[in-house]
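Inspection log for the structure reproduced underneath, given as structure tokens.
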Amino acid sequence: MCNEKQIIDVQHIHKRFNSKGICVRAVTDVSFTVNEGETIGIVGESGCGKTTLGRCIVRAYEASEGKVIYTTENGEQIDFLKIDKKQMRKYRKDIQMIFQDPFSSLDPRMTVYDIIKEPLVANFPNMPKAELEQKVMDIAKKVGLNTSYLKRYPHAFSGGQRQRIGIARALILNPRVIVCDECVSALDVSIQAQVINLLHDLQKELNLTYLFISHDLSVVEYISDKVGVMYLGKLVEFAPTKILYSHPMHPYTESLLSAVPVADPTVQVNRIPLEGEIPNPANPPQGCYFHTRCRFCTQKCKDQAPVYEEVEPGHYVACHRAKELKLRGFSYD
């Protein structure tokens, strides 16, 4: 059960990449809060900026503007973007990341044992060898790895086992927050279910907080307490999961939800296809970024960017017509 103790407060994050005189706006003015023990899902099409956002939060990328306020266990608030790299090292153990590709994120020259223990060695260089070995064994068992395989190399494992190795590496420092970047997208459906259930069980056992980045809306619905929808670097809708999936208030969210497969051949879904291509993030359109693909577009949408605001308790939307339109135009027959 989630509590209301805030642990991460993302305020107006921007991330721009500059190359050969071209500025690409990967993330633009994104804000949301994360409470301790809950899972925030971030969804959107490929290239929408969700992975970049996650990496800015853990400071794998340096954000161009904004704040990431982290609340420590003793209540102290730290802005990750204002402290230097040496100071940031102190908080690295509190916020870890699970990467999308469970193979390329593991060093093929290291054994599984060395991969899992590496964060401990880096953060606690004077830890006794016996204690270090015990911690590695304990976390391997916790994520369902056979400890007799720890001397093997990553290539000897399946995709699901490799992802368990990645999860063990993220957990070895007892973090409070884990950013899961498309951590099941490279796995078979049956293995996805195993890994998702593992993450769910670990969250309950260890009181973990997740930022779950994915393009799979079915997975996000299952694991998340709240969901944010990104489009072209902007957060266009953010709400508790049940509310967003039953009552979307942004046309983009509505279209995404209409594309979710239904595991029943007798059910016909009225899809809401998106026409056109995603605009160039190096040259986004004036006004609402989504207006070039929106069936409800007006002149105001073309001229003015909508304000990201709370239209219902806990439900934030960036759309000029959010209150006017009754969405959920697709139906299950």
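Computed from a prediction, not measured in an experiment: that's the story for all the values here.
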Ignoring hydrogens and angles, tell me if any N or O in the side chain of [X] forms a donor-acceptor pair with the backbone of [Y] under 3.5 Å.
X    : Y    : value
K50  : E45  : yes
Q87  : D84  : yes
Q163 : C183 : yes

Salt bridge between [X] and [Y], side-chain N to carboxylate O under 4.0 Å?
X    : Y    : value
R271 : E254 : no
R109 : D107 : yes
D138 : K141 : no
E65  : R16  : yes
E36  : R176 : yes
K142 : E205 : yes

Face-on cation placement of K226 at F238 ring, 6.0 Å and 45° thresholds
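The answer is no, since K226 fails at least one limit relative to F238.
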Are K234 and Y308 in a cation-pi contact, defined as NZ or CZ under 6.0 Å from the six-membered ring centre and within 45° of the axis?
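The answer is no; the distance or angle limit is not met.
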Sub-4.5 Å side-chain heavy-atom contact between [X] and [Y]:
X    : Y    : value
I13  : V68  : yes
V227 : I40  : no
V121 : L132 : yes

Once rounded to the nearest 0.5 Å, what's the spacing between atom SG of C180 and atom CD1 of I42?
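It is 12.0 Å, given to the nearest 0.5 Å.
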Same apolar cluster (I L V M F W Y, side chains within < 4.5 Å links), V43/V184
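Per the 4.5 Å side-chain linkage, V43 and V184 are co-clustered.
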For the hydrophobic clusters of this structure (ILVMFWY residues joined by side-chain heavy atoms under 4.5 Å, transitively), does one cluster hold both V195 and I172?
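Same cluster: V195 reaches I172 through Ile, Leu, Val, Met, Phe, Trp or Tyr contacts under 4.5 Å.
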Below 6.0 angstrom between ring centroids: does that apply to F103 and H155?
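No, too far apart.
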Once ring pair (Phe, Tyr, Trp, His ring centres under 6.0 Å) is applied, what residue pairs with a partner in residues 53-102 remain, sequence neighbours excluded?
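Counting only pairs at least two positions apart or across chains, the ring pair (Phe, Tyr, Trp, His ring centres under 6.0 Å) contacts touching residues 53-102 are F17-Y61, Y70-F80.
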I'd like to know whether CD of E73 has more than 12 heavy-atom contacts from other residues, nucleotides or ligands below 6.0 angstrom.
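No - once you tally the heavy atoms of other residues, nucleotides and ligands closer than 6.0 Å, there are 12 at most.
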Do T253 and E237 pair up side chain to side chain, a donor and an acceptor below 3.5 Å, judged on atom types alone?
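Yes, a side-chain donor-acceptor pair sits under 3.5 Å.
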Under 3.5 Å, is there a donor on one side chain and an acceptor on the other for S148 and N146?
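Yes, because at least one side-chain N or O of S148 sits under 3.5 Å from a partner of the opposite role on N146.
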With F157, which residues qualify under ring pair (Phe, Tyr, Trp, His ring centres under 6.0 Å), at least two apart?
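Per chain and number, F157 pairs via ring pair (Phe, Tyr, Trp, His ring centres under 6.0 Å) with no residue.
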Run the numbers on I116 and L150 for side-chain contact (heavy atoms from CB on, under 4.5 Å), then give the verdict.
CA-CA 9 Å; I116 296 175; L150 291 180; 4.3 Å; yes
Between H247 and K242, does the side-chain contact (heavy atoms from CB on, under 4.5 Å) criterion hold? Intermediate values first, please.
CA-CA 8 Å; H247 180 47; K242 290 183 178 179; over 6 Å; no
